Amino acid sequence: MKTTFVTKEQLEKITQKFPTPFHLYDEKQIRERARALKSAFAWNPGFKEYFAVKATPNPFILKILQEEGCGVDCSSLTELMMAEACGFSGEEIMFSSNVTPAEDFVLAKKLGAFINLDDRTHVEFLQKTAGIPETICCRYNPGGYFSISNAIMDNPGDAKYGMTKEQMIDAYKTLQKMGAKRFGIHAFLASNTTTGEYYPTLARILFELAVELHQETGAEIAFVNLSGGVGIPYRPEQPEVDIAAVGEGVRKAYEEVLIPAGMDQVAIFTELGRYMLAPAGCLVSRVLHQKHIYKEYIGLDACAANLMRPAMYGAYHHITVAGKENAPCDHLYDVTGGLCENNDKFAIDRSLPEIEIGDLLILHDTGAHGFAMGYNYNGKLRSAELLLCQDGEVQLIRRAETPQDYFATFDFSGFFSEK
Ligand SMILES: *Cc1c(COP(=O)(O)O)cnc(C)c1O
């Protein structure tokens, strides 16, 4: 059974001050998850998690993670600006982008961030636009299919990211000539994996590549960046990834591949987003309408503009009706938002307790890639973000958008000029 981190009583109190819909984050759980990850990799002295800002781009969340010793992984100019504003600098910032504009590289270089190059041609592009830093990372794509114990996990051969092995070797040689002294290796081969084998399998591939690159080019490998991809159990029947076992699995590969090659100084980095934040957030929404036609519909005051994953990927998000946690799930509903899009459904044919207008619904696991993927289709406004602090207080960490925000990028002056 999936449980929520707030009760109906707490939510009714919160909604007196902050109207629904809103995303609510649990500070306690964020800290616990950051500590569990850190402890799983404590065997590696250089270990650092660079939280993937795109998952939950909110400065208050980034500050909590910063206090837990995390850095940030940015993918764009504005994410770099947010990192800078939060006080991250230098090697606390990873810049893992693709199809990168020149100005993004310029800011990343100015901040002293680790720059992770997605393509062979970005070597010369970076040299021309921002200059080559002493430490630089390249992103690897092994091509083909990526499988774990005969199960195909994903299809890197079809993915736009990274460089081939030949390009990696060539890039390292060229970067050395341009003055680079230390190198990183990065790859992201499968998303939302719930097997504990993902990181260990990926690590082994990257460690073997690290040895080969070092022997082939003489480059000093400073870090291996395992990127994101560790998943969470969105469904009640799915198991939780055992992060301590994942850390041990990576250690085993490290001891079998890197240590015998004399490469015992390599730091392990991660760029987790979903694993860190998804379960520590939920979307809270109130039932506006009920509709009985060929099916039973529950209409919420939230819509896909607040949480796009179900509409975009058919993703499952568990739903709890606040206060009815123990009621029998003997009704079958489609739970929808109000977009003029028939895929604006948070759940289809979901067994839930009997729902009444005014009930509060809790959509689980929206703490990562939830608010962040929001948009303004149908003129819908982005919701507020709230933080349930460790002392039980609730803090507004981003206000809800207003119509003024929606209209802010228009210049209306022509409409209202005197006739
Ligand atoms: C999206 C992304 C991440 C985070 O992925 P999760 O699935 O949230 O862990 C990390 N690194 C890069 C380069 C990404 O694009």
Side-chain angles (χ1 to χ4, degrees), residues 23 25 30 33-34 36-37 40-41 48-58 61-62 65 70-80 82-83 92-100 104-105 108 113-119 122 136-142 146 153-154 156 159-163 184-196 198-199 202-203 206 223-234 238 240-241 243 246-247 250 268-281 307-309 312-313 315-317 365-373:
H23 285 267
Y25 304 94
I30 296 171
R33 298 185 78 82
L37 176 70
F41 285 90
K48 198 172 181 71
E49 149 75 358
Y50 291 84
F51 175 69
V53 174
K54 74 163 193 265
T56 321
N58 185 300
I61 302 289
L62 300 188
L65 292 166
C70 299
V72 281
D73 163 37
C74 300
S75 61
S76 65
L77 184 75
T78 48
E79 288 182 1
L80 285 167
M82 190 184 289
E92 296 165 342
I93 307 174
M94 182 72 58
F95 184 55
S96 292
S97 61
N98 67 96
V99 195
T100 313
D104 296 28
F105 275 142
F114 284 133
I115 295 176
N116 182 17
L117 298 177
D118 180 68
D119 187 48
H122 286 14
I136 185 101
C137 184
C138 293
R139 184 167 182 166
Y140 176 52
N141 182 335
F146 174 65
M153 301 294 295
D154 220 316
K160 67 173 178 171
Y161 308 108
M163 311 184 196
I185 302 175
H186 170 280
F188 190 159
L189 302 187
S191 185
N192 192 26
T193 56
T194 46
T195 158
Y198 171 61
Y199 262 4
L202 171 68
L206 296 186
F223 63 84
V224 166
N225 183 347
L226 301 175
S227 191
V230 176
I232 60 122
Y234 284 99
Q238 283 176 310
E240 176 86 48
V241 173
I243 202 71
V246 169
V250 174
I268 305 294
F269 294 163
T270 55
E271 297 175 337
L272 293 169
R274 190 186 318 272
Y275 177 80
M276 301 294 283
L277 249 294
L307 177 66
M308 193 175 2
R309 297 185 71 258
M312 191 168 175
Y313 313 117
Y316 180 96
H317 279 270
D365 303 317
T366 68
H369 311 296
F371 177 94
M373 290 173 108

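Both counts, for ligands and for their atoms, begin at 1 and track the order of listing. Bear in mind the structure is a predicted one, so any value in this text is a computation, not a measurement.
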Can you list the steps and then say if Gln238 with Thr194 is a side-chain hydrogen bond (donor to acceptor under 3.5 Å, both in side chains)?
-> CA-CA 8 Å; Gln238 283 176 310; Thr194 46; 4.6 Å; no

Residues at least two apart in sequence or cross-chain that pass side-chain hydrogen bond (donor to acceptor under 3.5 Å, both in side chains) with Asp118, listed by chain then number, are none

Tabulate distances under 3.5 Å between N/O atoms of ligand 1 and N/O atoms of the protein, writing both atom names on each line.
unit_1: ligand 1; atom_1: 8 (O); unit_2: Arg274; atom_2: N; d: 2.8
unit_1: ligand 1; atom_1: 8 (O); unit_2: His369; atom_2: NE2; d: 2.7
unit_1: ligand 1; atom_1: 9 (O); unit_2: Gly229; atom_2: N; d: 3.0
unit_1: ligand 1; atom_1: 9 (O); unit_2: Gly273; atom_2: N; d: 3.1
unit_1: ligand 1; atom_1: 11 (N); unit_2: Asp73; atom_2: OD2; d: 3.3
unit_1: ligand 1; atom_1: 11 (N); unit_2: Ser227; atom_2: OG; d: 3.1
unit_1: ligand 1; atom_1: 11 (N); unit_2: Glu271; atom_2: OE1; d: 2.7
unit_1: ligand 1; atom_1: 15 (O); unit_2: Lys54; atom_2: NZ; d: 2.7

For Arg33, the salt bridge (Lys or Arg N to Asp or Glu O under 4.0 Å) test, sequence neighbours excluded, returns Glu240

- Would you check if the distance from the ring center of Tyr275 to the ring center of Tyr199 is below 6.0 Å? no

| message | Using a 6.0 Å distance limit plus a 45 degree cone around the ring axis, check whether Arg309 lies over the aromatic ring of Tyr234. | response | yes

ring-ring contact (aromatic ring centres under 6.0 Å, His included) filter on Tyr161, not counting sequence neighbours, yields none

